[in-house]
Asks: 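Structure provided below as structure tokens; questions to follow.
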Number of protein chains: 2
Amino acid sequence: MSGIKDIAKKTGLSLATISRVLNNSTLVSEKTKSIVLNAAQALDYQPNLTAAALRSGKSKIIGIIVPEINNPFFSSIINGIEQYVGKNGYSIIIAQSHESKKKERHAIQSFVKLNVDGILVSISKESNDFSFLDKLKQEKIPIVFFDRKPQIDNIKEVVFDDYYGAFMATEHLIQQGGNHLIHIAGDLNLSLYKDRKRGFQAAMERYQKSYAENHVLELKKNSAQDTQILKDHIQKNNVDSIFVNGDEDCIYVLNIIKSLGYKIPRDIRLVGFGNLSISTLVQPPISTIDQRAEDMGMVAAKTILQSLDEKQPTSFKEVLSPKLLIRESSKVISS
Amino acid sequence: MSGIKDIAKKTGLSLATISRVLNNSTLVSEKTKSIVLNAAQALDYQPNLTAAALRSGKSKIIGIIVPEINNPFFSSIINGIEQYVGKNGYSIIIAQSHESKKKERHAIQSFVKLNVDGILVSISKESNDFSFLDKLKQEKIPIVFFDRKPQIDNIKEVVFDDYYGAFMATEHLIQQGGNHLIHIAGDLNLSLYKDRKRGFQAAMERYQKSYAENHVLELKKNSAQDTQILKDHIQKNNVDSIFVNGDEDCIYVLNIIKSLGYKIPRDIRLVGFGNLSISTLVQPPISTIDQRAEDMGMVAAKTILQSLDEKQPTSFKEVLSPKLLIRESSKVISS
DNA sequence: GAACATAATGTAAACGTTTACATTATATTT
DNA sequence: AAATATAATGTAAACGTTTACATTATGTTC
């Protein structure tokens with residue numbers, strides 16, 4: 001493990017020159033450049049990023065906060081982020097909020113202490129206080145929200161078009177002949193689940209299907225009571241199509257429907273959300289909305305890297321558009 | 001954002017004393033301790049971990065390398081690691097090898113440059129050259145392998161008892177009345193899949209079931225040819241029990257079996273491996289071996305933290321024992 | 001070839017801590 | 001109360017880079 005000093009010693013050049021070569025400054029001749037690089041190679045030079053970070057104020061680290069890392073949606077986003085920032089010489093450091101705003105704040109604190117150059121965050125369900133934004137602005141640490149974001153202005157966000165995704169899913173179910181649709185909603189504290197619900201409602205109205213609040217069910221998994229409510233609702237109202245807020249819940253619903261003796265897609269059609277890998281593993285494979293998690297990660301990464309050399313913070317919004325994947329669970333069988 | 005200097009200025013004490021208080025050294029009086037802590041609070045002191053890392057050589061960061069972050073097994077392990085090290089004031093930094101030994105080496109290099117205090121790694125399928133261990137020893141950076149490890153001596157490892165897990169699974173299938181068992185193997189380049197295969201074989205022999213190499217199938221998913229081989233084998237040999245190397249593959253097999261018209265568990269019984277959350281989402285829920293991923297993460301984390309203040313590197317091995325989870329897919333129906 | 005511009009290199013301070021060593025204050029022993 | 005031990009604090013260097021500023025070498029213009 002040799003440092004910049006060793007190279008200086010070996011080449012007889014000054015520390016400044018070595019540093020300039022290693023950071024490919026233009027203020028250096030081609031000749032010395034190659035001398036230095038050769039020496040660096042020969043000595044197996046390993047830069048000490050900590051020292052560089054201390055002096056320059058740039059750590060080359062991007063901090064990421066997600067609710068849960070073992071949620072395939074988030075881990076795919078992280079995948080996308082890592083891919084993009086890795087190419088640009090940055091490392092990522094990950095923290096989980098576990099849906100707790102306390103842990104979220106704590107993670108941000110840690111990131112500041114570690115001198116991260118930027119922060120990417122998908123907020124927890126609990127989050128309602130965003131005063132940390134002021135602090136980050138003070139410290140000049142840019143922050144980009146992805147997927148889950150606070151409902152405030154002047155932020156940078158890359159989100160998914162949940163509204164339109166839900167609209168497409170619902171529209172598709174209607175076009176397959178659906179007349180009695182319901183929507184299984186997610187946690188309505190999060191704006192994105194609200195958007196999905198709105199998209200459902202909009203499609204219902206667009207196609208003149210009667211819409212009432214009881215066409216939307218919030219269901220707590222593993223709650224026998226909620227399960228019963230769902231079963232009753234399906235049977236009493238001749239439900240023929242269900243749009244579910246997420247693939248996991250969708251599989252849960254799928255199993256309930258099967259247990260009632262209905263055939264999918266013959267009797268009831270189903271569309272999920274998220275395109276998790278499990279969605280193709282069940283029988284029948286479920287139609288779903290692809291959220292392009294990796295793309296989201298890459299866009300978020302690109303956005304944060306661009307923000308790094310911004311003098312004045314600007315706001316930014318990118319909305320990724322949904323893709324409907326039609327699989328067995330919603331295909332009306334052509335007799 | 002105030003630093004140690006600001007506290008010194010405010011309290012009139014020297015930098016050394018402040019630092020001592022903040023690192024709870026014993027060499028400081030209770031009185032000054034409280035003075036300093038109050039001042040720190042009042043000034044909203046935020047330690048600069050980069051500076052501390054540079055001077056002390058301790059970054060308070062643990063590097064983790066996994067093949068894929070969006071593999072639920074690994075993300076659960078990471079969960080366990082983060083939980084444990086987080087409690088001890090450490091952060092984690094994550095890199096993915098994507099099963100490439102080149103990326104793996106690159107990640108290790110990055111970690112060294114970032115001055116991580118320790119490294120946790122689950123090696124890629126490609127890995128065969130472990131010369132980086134010498135370098136790390138030189139740099140005095142401890143390394144702990146989890147789940148996937150090189151087959152060499154004098155390392156620290158926390159692994160799972162794949163052999164016994166496979167044995168238990170197979171034994172269970174036999175006890176449920178299985179006579180014609182097969183095993184769908186994973187990538188036999190990895191020792192853990194070899195161990196699972198060995199466990200299967202051992203159980204077969206232990207219970208005097210005829211065992212031949214063609215009772216083990218390596219199947220590439222999405223290969224029509226392999227799928228056909230599997231189908232043929234099941235039908236020709238009256239297979240009644242299948243032990244599959246992992247839950248995902250198991251669901252794949254489950255769907256094939258269903259498509260052949262067999263009933264599970266009536267005609268064929270199935271056990272997977274890994275206890276992924278999807279294993280309970282399919283119909284019927286599949287029996288599986290729980291790998292206690294979070295535990296593994298915690299043990300690995302504990303091991304690496306303990307290694308930090310070791311003068312001489314020692315070797316270490318912890319083997320986590322399997323838990324058999326019996327679900328529908330392997331329950332013989334009591335007539 | 002003098003005068004100037006520009007390119008290339010060098011010097012030394014700085015980043016914010018920790019820590020070896022030195023000093024001073026306090027407690028204990030005689 | 002002097003002598004000694006111990007506890008508490010201070011001084012200043014160090015960690016390995018980057019970078020503002022200074023200097024020297026090279027090229028260009030007349």
Side-chain angles (χ1 to χ4, degrees), chain A residues 1-37 39-40 43-61 89 110 112-117 139-141 309, chain B residues 1-37 39-40 43-61 89 110 112-117 139-141 309:
Chain A
M1 177 196 63
S2 62
I4 215 177
K5 277 186 193 165
D6 304 286
I7 302 182
K9 206 171 292 172
K10 171 154 184 168
T11 60
L13 291 160
S14 74
L15 292 182
T17 304
I18 312 294
S19 174
R20 277 190 277 257
V21 172
L22 264 18
N23 295 293
N24 20 220
S25 156
T26 52
L27 305 152
V28 68
S29 77
E30 283 303 319
K31 189 163 44 150
T32 52
K33 196 175 208 166
S34 69
I35 292 175
V36 171
L37 292 178
L43 294 172
D44 185 29
Y45 166 69
Q46 296 292 84
N48 181 325
L49 298 185
T50 307
L54 177 58
R55 173 59 227 235
S56 70
K58 303 284 156 211
S59 63
K60 293 285 197 174
I61 300 179
S110 303
V112 173
K113 291 181 201 163
L114 284 168
N115 266 321
V116 299
D117 290 342
E139 306 279 348
K140 301 207 185 305
I141 300 179
D309 29 41
Chain B
M1 179 195 63
S2 64
I4 215 178
K5 277 186 194 165
D6 304 287
I7 302 182
K9 207 170 293 172
K10 172 154 185 168
T11 60
L13 292 160
S14 73
L15 292 182
T17 303
I18 312 295
S19 174
R20 278 191 276 257
V21 172
L22 265 17
N23 294 293
N24 17 234
S25 157
T26 51
L27 305 152
V28 68
S29 75
E30 284 303 318
K31 186 163 46 150
T32 52
K33 198 174 205 167
S34 70
I35 293 176
V36 171
L37 291 178
L43 294 171
D44 185 29
Y45 167 68
Q46 296 292 83
N48 180 326
L49 297 186
T50 306
L54 176 59
R55 173 58 227 236
S56 69
K58 302 286 157 210
S59 64
K60 294 285 197 173
I61 299 180
S110 302
V112 172
K113 291 181 202 163
L114 284 169
N115 267 320
V116 299
D117 290 342
E139 306 279 348
K140 302 210 183 303
I141 301 179
D309 29 41

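Here the structure is a predicted model, which is why all the values come from computation and not from measurement. Atoms considered below: every heavy atom in the structure, side chains included; atoms not considered: hydrogens, waters and symmetry mates. In the text below, chain A, chain B and the rest are named by the order of the sequence lines, each starting its count at 1.
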Asks: Could you tell me if the side chain of B:Thr17 sits less than 4.5 Å from the side chain of B:Arg20, heavy atoms only?
Replies: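 Yes. Closest side-chain heavy atoms under 4.5 Å.
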Asks: Specify the closest pair of heavy atoms between A:Val116 and A:Ser59, including all atoms of both residues, with the distance to one decimal.
Replies: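 Where A:Val116 meets A:Ser59 most closely, the heavy atoms are CA-OG, 3.4 Å.
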Asks: Could you check which of C:dT17, D:dG10, D:dT18 has an atom nearest any side-chain atom of A:Ile4?
Replies: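 Nearest nucleotide to the side chain: D:dT18.
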Asks: Under 4.0 Å, counting only non-hydrogen atoms across every strand here, what does A:Thr32 touch: a base, just sugar-phosphate, or nothing?
Replies: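 Sugar-phosphate only.
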Asks: Could you check how far NZ of A:Lys60 sits from P of D:dT17, rounded to whole Å?
Replies: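 Rounding to the nearest Å, NZ of A:Lys60 and P of D:dT17 are 15 Å apart.
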Asks: Give B:Leu15 one of three labels, base, sugar-phosphate or nothing, depending on what nucleic acid heavy atoms sit under 4.0 Å from its own.
Replies: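 Here B:Leu15 touches the bases of the nucleic acid.
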Asks: Would you say A:Ile61 and A:Leu114 make side-chain contact, with heavy atoms under 4.5 Å?
Replies: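 Heavy-atom side-chain distance check fails, nothing below 4.5 Å.
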Asks: Using a 4.0 Å heavy-atom cut-off, does A:Ala16 contact any base of the nucleic acid, only the sugar-phosphate backbone, or nothing at all?
Replies: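 Base contact.
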Asks: Judged by each residue's nearest nucleotide on DNA chain C, which is more toward the 5′ side, B:Thr17 or B:Ala51?
Replies: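 Closer to the 5' end of DNA chain C: B:Ala51.
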Asks: Between B:Ser56 and B:Leu13, which residue's closest nucleotide on DNA chain D lies nearer the 5′ terminus?
Replies: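 Final value for this comparison: B:Leu13.
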Asks: Starting from P on C:dT9, measure out to NZ on A:Lys31 and report it in whole angstrom.
Replies: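 Those two atoms, NZ and P, are 8 Å apart.
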Asks: Any side-chain N or O of A:Asn48 under 4.0 Å from OP1/OP2 of D:dC15?
Replies: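 Negative; the distance criterion is not met.
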Asks: Is there a donor N/O on one and an acceptor N/O on the other, under 3.5 Å, for the side chain of B:Arg55 and the base of C:dT18?
Replies: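 Flag set: donor-acceptor pair detected.
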Asks: Mind calculating the distance between NZ (A:Lys58) and P (C:dC15) to the nearest angstrom?
Replies: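 To the nearest whole Å, that distance equals 16 Å.
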Asks: Hey, does A:Gln46 reach any base, or is it just sugar-phosphate, or nothing, if we go heavy atoms under 4.0 Å?
Replies: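 Sugar-phosphate, backbone atoms only, no base.
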Asks: A:Ser19 near the nucleic acid: base, sugar-phosphate alone, or nothing, with a heavy-atom cut-off under 4.0 Å?
Replies: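 Touches a base.
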Asks: Grab the two heavy atoms, one from B:Asn23 and one from B:Ser19, that are nearest each other, plus how far apart they are.
Replies: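 The answer is ND2-O, 2.8 Å.
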Asks: Do any side-chain nitrogens or oxygens of A:Ser14 fall under 4.0 Å of OP1 or OP2 in C:dG10?
Replies: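 So the side chain of A:Ser14 is within the cut-off, an N or O lying under 4.0 Å from OP1 or OP2 of C:dG10.
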